[in-house]
Chemist: 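Just dropping this structure here.
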Number of protein chains: 2
Amino acid sequence: MTQPSDTTSYKDIKQTVLRRIRSGELQPDALLPNEQELAIEFSCTRTTVNRALRELADEGYLERRRKAGTRVLSAPHRQARFTIPLVRDEVEALGGTYRYALVSSDLQPAPDWLSARLALRPDQNVMHVRCMHYSGNTPFQFEDRWIVVDSVPQVEQADFSTIGPNDWLVQTVPFTNVELTFLASRADATLAGFLDVPEGEPVFTAERITWLQGQPVTFAKMYFAVGYRMTTEF
Amino acid sequence: MTQPSDTTSYKDIKQTVLRRIRSGELQPDALLPNEQELAIEFSCTRTTVNRALRELADEGYLERRRKAGTRVLSAPHRQARFTIPLVRDEVEALGGTYRYALVSSDLQPAPDWLSARLALRPDQNVMHVRCMHYSGNTPFQFEDRWIVVDSVPQVEQADFSTIGPNDWLVQTVPFTNVELTFLASRADATLAGFLDVPEGEPVFTAERITWLQGQPVTFAKMYFAVGYRMTTEF
DNA sequence: AAAAGGATAAAGTCTACACAAAATGGAATT
DNA sequence: AATTCCATTTTGTGTAGACTTTATCCTTTT
């Protein structure tokens, strides 16, 4: 239908293999024919088969091991991919007008819990920034962020009154590793005030730790407005 | 070090390009040389360059368009990949003993909100299953699930007293599309009872809708025990 | 029996080349 | 000035073949 050419595409092979898995023709743990044989079956080259199987493995359907061959994963560990949007984009995508406001920003020694979490040496300084993100006049997200001064010395000169710490960091320092956590937390008095919700309200929360080649860069807690949903399709 | 051969691998190219992005040598929005030119620079074939750039694009660093070329994404929309674990695996990974208990299961016409959510015709029947997942004797997750009978007729004969509806579905019906949502909800009296928490407690919640080629198969709400954290690294 | 070693099968990747598909930017037309 | 159209560039994907790497499985040795 869609392919005017008469050759077998790696996409065709992916589809066919997927169909065989779904139909039960290929049971969990079953060993697939090797690339050579599949190439003959689909009358294409091994290169094409390789790409198809490689992608299916990447998507979590198959497991491949040299010499051992390719197997159907018994419990396909399918992965949900969340694209983490920038707050501004998210607000605007929802039709709102993005507005940013700095709450506080000060330099201080890292509190113990943070030192433990980021494996900091005692007495390392951090910049503590708290800020609000609004959609129009409605609170959208309260951000509570710590930036490790030793990893980002420029932070001492940064002015967070007009630019959010996340935007500033993205422009300023690269990062290599991220740990992202979602959880539900309870609004204490302070948070309830910022988000304009009753105290005790459940608040969807994301924590994000960022490293640059093993060096901790920043820890952020993001508290979302009531009713926030983090959705993905796959 | 690791590559004994003297050829340039697509991995080398990926690393080099990533380094250039991180170092600022390649600014956001910058246009990369085309594959031909890069192939000459790295003294390898265009095929190899293609694979490197294709993967970097897939990982969210680059944007590629035919004829327009390859650009550095200004805000790399890096994606978090959550591997959605089976409850049993998750409990056992945390060192607990998994235990399952059926709460209720009955056949009924789909409630309006569900019909709307899954685009069901009026009067379609669903199997409503509620069950608990424990770690030892501690509640771990309360699952509230609806299964569309027209999509999975076998469900009328299924016995959910010993096997969880999720496990049963995985074994029985394939699926093609999933929508996954995370949110924070408030424990009402019923839920508080099941999870053994005070009423009003914030509860981390996941909703999952599954389709098979456009046909809605099942809708599930999973309420997690207090303190649950969904974490990923990337 | 257990450990060590080696032949071999399977996936992993590279080269070299060809043609396909898309979309941009400019030329031609209205 | 706007629109249509088309040549050209750039990525996308396929073929054919070779060599590399890994790890399994079998054989041999301890």
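Naming: A, B, ... by sequence-line order, numbering from 1 per chain.
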Chemist: Are Y134(B) and Y98(B) near enough that their ring centres are under 6.0 Å apart?
Modeler: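 No, ring centres 6.0 Å or more apart.
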
Chemist: How would you list all residue pairs meeting ring pair (Phe, Tyr, Trp, His ring centres under 6.0 Å) that involve residues 19-40 of chain B, not counting sequence neighbours?
Modeler: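 Found none.
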
Chemist: Take atom CD of E63(A) and atom P of dG12(C), then tell me their distance rounded to the nearest Å.
Modeler: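 So the CD-P distance, E63(A) to dG12(C), works out to 11 Å.
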
Chemist: D12(B) CG to dT15(C) P: how many Å, rounded?
Modeler: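 Atom-to-atom, D12(B) to dT15(C), this comes out as 11 Å.
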
Chemist: Report the residues that fulfil salt bridge (Lys or Arg N to Asp or Glu O under 4.0 Å) with R88(A), sequence neighbours left out, ordered by chain and then residue number.
Modeler: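 Counting only residues at least two positions away or on another chain, R88(A) forms a salt bridge (Lys or Arg N to Asp or Glu O under 4.0 Å) with D167(A).
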
Chemist: Once salt bridge (Lys or Arg N to Asp or Glu O under 4.0 Å) is applied, do any residues pair with D89(B), and if so which ones, sequence neighbours excluded?
Modeler: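 Result, salt bridge (Lys or Arg N to Asp or Glu O under 4.0 Å) vs D89(B): none returned.
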
Chemist: Could you state the atom-to-atom distance from CD1 of I13(A) to P of dA11(C) in whole Å?
Modeler: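 Atom-to-atom, I13(A) to dA11(C), this comes out as 13 Å.
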
Chemist: With E233(B), which residues qualify under salt bridge (Lys or Arg N to Asp or Glu O under 4.0 Å), at least two apart?
Modeler: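 E233(B): no salt bridge (Lys or Arg N to Asp or Glu O under 4.0 Å) contacts found.
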
Chemist: Considering residues at least two apart in sequence or located in another chain, which fulfil the salt bridge (Lys or Arg N to Asp or Glu O under 4.0 Å) criterion with K14(B)?
Modeler: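 Partners of K14(B) under the salt bridge (Lys or Arg N to Asp or Glu O under 4.0 Å) test: E55(B), E59(B).
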
Chemist: Roughly, in whole Å, what's the span from CG in L62(B) to P in dT10(D)?
Modeler: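 In whole Å, dT10(D) P and L62(B) CG are 17 Å from each other.
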
Chemist: Can you name the residues that form a ring pair (Phe, Tyr, Trp, His ring centres under 6.0 Å) with Y100(A), not counting sequence neighbours?
Modeler: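 Partners of Y100(A) under the ring pair (Phe, Tyr, Trp, His ring centres under 6.0 Å) test: H133(A).
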
Chemist: What does the inter-axis angle of the helix from dA1(C)-dT30(D) to dT30(C)-dA1(D) come out as, five pairs per end, nearest 10 degrees?
Modeler: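 Both end axes considered, the difference amounts to 20°.
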
Chemist: Grab the CG-C1' distance between D58(A) and dG12(C) for me, whole Å please.
Modeler: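 Spelled out: CG on D58(A) to C1' on dG12(C) is 14 Å.
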
Chemist: With the criterion being N/O to N/O and under 3.5 Å, what pairs connect the protein with nucleotides 11-14 of chain D, and how long is each?
Modeler:
unit_1  : atom_1 : unit_2 : atom_2 : d
dT11(D) : OP1    : T70(B) : OG1    : 3.3
dT11(D) : OP2    : E35(B) : N      : 3.0
dT11(D) : O2     : R66(B) : NE     : 3.2
dG12(D) : OP2    : R64(B) : NH1    : 2.5
dG12(D) : O4'    : R66(B) : NE     : 3.4
dG12(D) : O4'    : R66(B) : NH2    : 2.8
dG12(D) : O6     : R46(B) : NH2    : 2.4
dT13(D) : OP1    : Y10(A) : OH     : 3.2
dT13(D) : OP2    : R51(A) : NH1    : 3.4
dT13(D) : OP2    : R51(A) : NH2    : 3.2
dT13(D) : O4     : R46(B) : NH2    : 3.4
dG14(D) : OP1    : S9(A)  : OG     : 2.7
dG14(D) : OP1    : Y10(A) : N      : 2.9

Chemist: By ring pair (Phe, Tyr, Trp, His ring centres under 6.0 Å), which residues pair with W168(B), not counting sequence neighbours?
Modeler: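 F160(B).
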
Chemist: Can you check the L31(B) CG to dG25(C) P distance for me, whole Å?
Modeler: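 These atoms are roughly 10 Å apart.
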
Chemist: What is the distance from CZ of F42(B) to P of dT13(C), rounded to the nearest Å?
Modeler: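 Taking atom P of dT13(C) as the reference, CZ of F42(B) is at 17 Å.
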
